[in-house]
Amino acid sequence: MSGTGLAIFAAFLGGILKGWLGGNSVSKELDKTTPKDKETEIDRKARERVLSQ
Amino acid sequence: MSDNQLALIVLAGLCFILAGCTDLVQDSKTAWNVLNAGAYEALAEIEAQHQASVDAVVEDGKLSKEEKLAALDQVKATYHPAYVAYRTLRAVLSSARAVLTAAEAAQASGGNPDWGALRKALSEAVAAQKALAEAMP
């Protein structure tokens, strides 16, 4: 079976299993908080490191 | 898991949903969770690469202070589109989550969920995920 076929087959199996095992765990997944990205922080700290050299 | 594999899995899930083979709301949640997990992984990858790039500039002993600052501006410009695409994906996922919650509530009360809105929301999320994969440096 090709990689694509395997991925699709895995998706089918995963979807069936996840639904079969119950929706509660999925609902909990929906409640994950959104992480704030660190773009500004990474840039700012790098500039500070250069300026302090 | 690569972005292509993730997109394939989500698309396969959507095809499965559209074919009406399983509980639509439940499978939509599964698709949403796959996309959500992918967003987390993508952000971690962007930040790790971004950090490595700025570290390489800061620790480059051959560059002057001015050259380093200019190089950092270049790094910033390189990674900014990926962060924008990530934020777009998060916003789309947030909207899709609201649609999912409404569909779940409608289903629980014996009503008819808005299937069109659900499909549209998940399709938009897949498109945003693809855009993020393309925006990765």
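Side-chain atoms are counted along with the backbone in the values below, which use heavy atoms only and exclude waters and symmetry mates. Chain letters run A, B, ... following the sequence lines, proteins first, then strands; residues in each count from 1.
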Practice task
Could you tell me whether the side chain of B:Q49 reaches within less than 4.5 Å of the side chain of B:Y79, counting heavy atoms only?
Solution key: yes
Handout entry: Test item: B:Q51 and B:V54 side chains (from C-beta on) under 4.5 Å apart, heavy atoms
Key = yes
Exercise for the section: Find the one option among B:H80, B:E47, B:E59 whose heavy-atom pairs under 4.5 Å with chain A are most numerous. Expected result: B:E47
Exercise for the section: For the residue pair B:K76 and A:T40, establish whether any side-chain heavy-atom pair is separated by less than 4.5 Å. Expected result: no
Practice task
Count the heavy-atom pairs under 4.5 Å between each of B:I46, B:L93, B:L69 and chain A, then report the option with the highest count.
Solution key: B:L69
Fill in the blank from the handout: One option among B:D73, B:V75, B:D55, B:V58 has the most heavy-atom pairs under 4.5 Å with chain A, and it is B:V58
Problem - Flag side-chain contact, heavy atom, 4.5 Å: B:W115 against B:V25 - result: yes
